[in-house]
Trainee: 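Before I ask anything, here is the structure I am working with.
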Amino acid sequence: MRENPAWSAPIAIFIGDKFEFNMLEFRPMRWSRLFIPTLREIPAEAEVPSHQWLLRAGYVRQLSAGIYSYLFLAQRSLLKIQQIVRQEMNAIGGQEMYLPALNPAEVWQESGRWDVMGDNLFRLKDRFGRDLCLAMTHEEVMTTIARGELRSYKQLPQIWYQIQTKFRDEPRPKSGLLRVRQFLMKDSYTFDMDQAGLDTAYDKHYQAYCRIFERCGLQYTVVEAHSGAMGGSQSHEFMVASDAGEDFVAICKSCGYSANLEKATAVPSEPGSRDPEGDLTPEEFHTPGRKTIAEVAQFTGLPETSQMKSLVLVAGGKPVLAMLRGDHQLSETKFAARVGDAAFRQAQADEIREWFGAEAGSLGPVGVANMTILADQALAGRRNMIAGANRNDYHLRHVTLGEDFQAEICDLRQVAAGDACGQCGAPLEVVKTVEIGHIFKLGYKYSEAMGLRVLNAEGKEVTPIMGSYGIGIERILCCAIELFHDKDGMMLPGAIAPFLVVVTPANNGDPAQKEAAERIYSECLALGLDALLDDRDERLGVKFKDADLIGVPFRITVGKKLAGGMVELTERRTKASTDVAVADAARAVAARVA
RNA sequence: CGGGCUGUGGCGAAGCCUGGUAUCGCGCUUGCUUGGGGUGCAAGAGGUCCCGAGUUCAAAUCUCGGCAGCCCGACCA
């Protein structure tokens, strides 16, 4: 097949006052010659919609748990996503690089993360026995480059980024491409002289991320987030609501407050009954066989809010007693942050017996002297509550924080749906989401640990401040599918669909239809539309089903109306068709996406 | 790492309990047919029944041990 030279050259497209090379060359795409292995049935291993459709539509194939091959369609879609990311990153002054995925242990040891990352870091040895790892993120390498090359404040600020494969040895890969061991990430890193500079870089990323996800056609929310093992002061996550997600976020529809549940705060509900007044003394009472909060509530006739929940945890090798209101849940993230040990664990039964002289179910804070006691702030100001007596089958009434026991008051509680928004008081909703982007103000953690210094205007050595920012490329595709699918397949946004329009002759054996379809197809290409010609010798039903399945946003059907000079333009999402003149077909699609 | 489920042509499944010819649908190949929503007919190709050991005259099937995948939990920048 001869190629029209006009189609085979890379297309340069202008974005604002800059231009980019389109990664996708426009060359003839004839379905009969393409590898698009669609399936009629859903492979048994796929449960979440995005996974099912990616397999059925011939986008991906699994190689192993959490390891996928991206076939032609997926790669095309992912390249378009990457191009959008690239354009928006360039637009804020980002400079694209490409760093090694294979890292020597030394840089990770310098930052301290060689030990912190544990089994999630893929580790290997080279032939000389030297330790290496496959990078799961690139703060270390970026900081190494900055340390080696940045000398002066005049070189700052810098925004460096890459789009690159990341490796994480997930304990449990799942949900198709949503949780995998090898994936693509756009990660960027900023270096600034001071906090104000970091704030600016952070804000630029915030805005760029919004533009990226909007251009990708996603419905998303930005939430305050916990910084986790990355370290740092401030962080936001970009989330897409989906049942396939694993993160929960609290959202206030009234004032717009939103935060990851790991971080969210809220006003707890009022206690179910008023506390007894007065400076009462703790008093033991018999609670035979009543171990749980619910059992004690039923036994005493008082609501769960009248009780204190005592949780015994081991952090940093030492026991910690965490106190919460009876109906509240411990936020493990908040607790871990408070005690500075992400690897804390629950105490074992024999430890509890040794430390408290009683079994779990009868534990309380009164008289406990040999360990740190943390109390959630919801207990502050409460009086005369019920807690375990540290004697099996006994509880205490009239226990008051600050009088009958001392504790450090802090935020330990995980927010629950229905709690009052801390800003406006409206009830919070809790939504399941997928994280597609995350931005961090890192502060000096890496620059300090790895010795990055530049001279300031006074000629003094100072440590630049850093930020890091990530986008999960495949997750954008997954979320688009999760958000936009129906019983027939994907309904991808035009910006990230592998093709924008498919031209389908109803009967490719009909010379008139074939010729008209070819012409319309050429006109689409000439207009810069990413078009696909379904020239297969298949029945129309098959072609329609496949086009719906792979999610092409528009379809031009050349069929029996051709006799009247008309073809059909059908929108995938609505299945709505309009008749357009043959000569106007390509322009009609262009008009829809303009 | 704990708990559960599943491994049978490319995909989806039956057969396993009660051992004895590997079965069905889809897909694939060829021919005819049909031609506006996965046409119809016919003839074909394609399988180490996840792997290994054991029991048995005989193992997809029973026993033991592995491996892999999925789901729940733990974990998760």
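To find a chain, count down the sequence lines: A is the first, B the second, and so on, and within it residues start at 1.
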Trainee: Can you work out whether Glu47(A) or Asp548(A) has the more 5'-proximal nearest nucleotide on RNA chain B?
Mentor: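 Its nearest nucleotide being more 5', the pick is Asp548(A).
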Trainee: rU8(B) and rG15(B): how far apart are their C1' atoms, nearest whole angstrom?
Mentor: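 These two C1' atoms come out 9 Å apart once rounded.
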Trainee: Please give, in whole Å, the distance from rG25(B) C1' to Ile42(A) CD1?
Mentor: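 So the CD1-C1' distance, Ile42(A) to rG25(B), works out to 16 Å.
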Trainee: Whole angstrom is fine here: how far is it from CH2 in Trp31(A) over to C1' in rG38(B)?
Mentor: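 After rounding, the reported distance stands at 13 Å.
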Trainee: Does OP1 or OP2 of rG12(B) have a side-chain N or O of Arg40(A) closer than 4.0 Å?
Mentor: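 Looking at the OP1 and OP2 atoms of rG12(B), neither is under 4.0 Å from any side-chain N or O of Arg40(A).
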Trainee: Between the side chains of Tyr161(A) and His138(A), does any donor sit under 3.5 Å from an acceptor?
Mentor: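 There is no such pair (donor and acceptor under 3.5 Å, judged by atom type) between the side chains of Tyr161(A) and His138(A).
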Trainee: Test for a donor-acceptor pair under 3.5 Å between the base of rG27(B) and the side chain of Arg56(A), counting only N and O atoms.
Mentor: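 Absent.
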Trainee: Would you tabulate the nitrogen or oxygen pairs shorter than 3.5 Å linking the protein to nucleotides 67-69 of chain B?
Mentor:
{"unit_1": "rG69(B)", "atom_1": "OP1", "unit_2": "Ser64(A)", "atom_2": "OG", "d": "3.0"}
{"unit_1": "rG69(B)", "atom_1": "OP1", "unit_2": "Ala65(A)", "atom_2": "N", "d": "2.9"}

Trainee: Tell me, please, whether Trp114(A) has Arg123(A) positioned over its six-membered ring: NZ or CZ under 6.0 Å from the ring centre and within 45 degrees of its axis?
Mentor: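 Yes, Arg123(A) lies over the aromatic ring of Trp114(A).
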Trainee: Would you kindly give the CG-to-P distance between Asn507(A) and rU34(B), to the nearest whole Å?
Mentor: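 Atom CG in Asn507(A) sits about 12 Å away from atom P in rU34(B).
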Trainee: Side chain of Ser175(A), heavy atoms from C-beta onward: which of rU39(B), rC71(B), rC11(B) has the nearest atom to it?
Mentor: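 Among rU39(B), rC71(B), rC11(B), the one nearest the side chain of Ser175(A) is rC71(B).
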Trainee: Round to the nearest Å and state the distance from Glu332(A) atom CD to rC75(B) atom C1'.
Mentor: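 About 10 Å, once rounded to whole Å.
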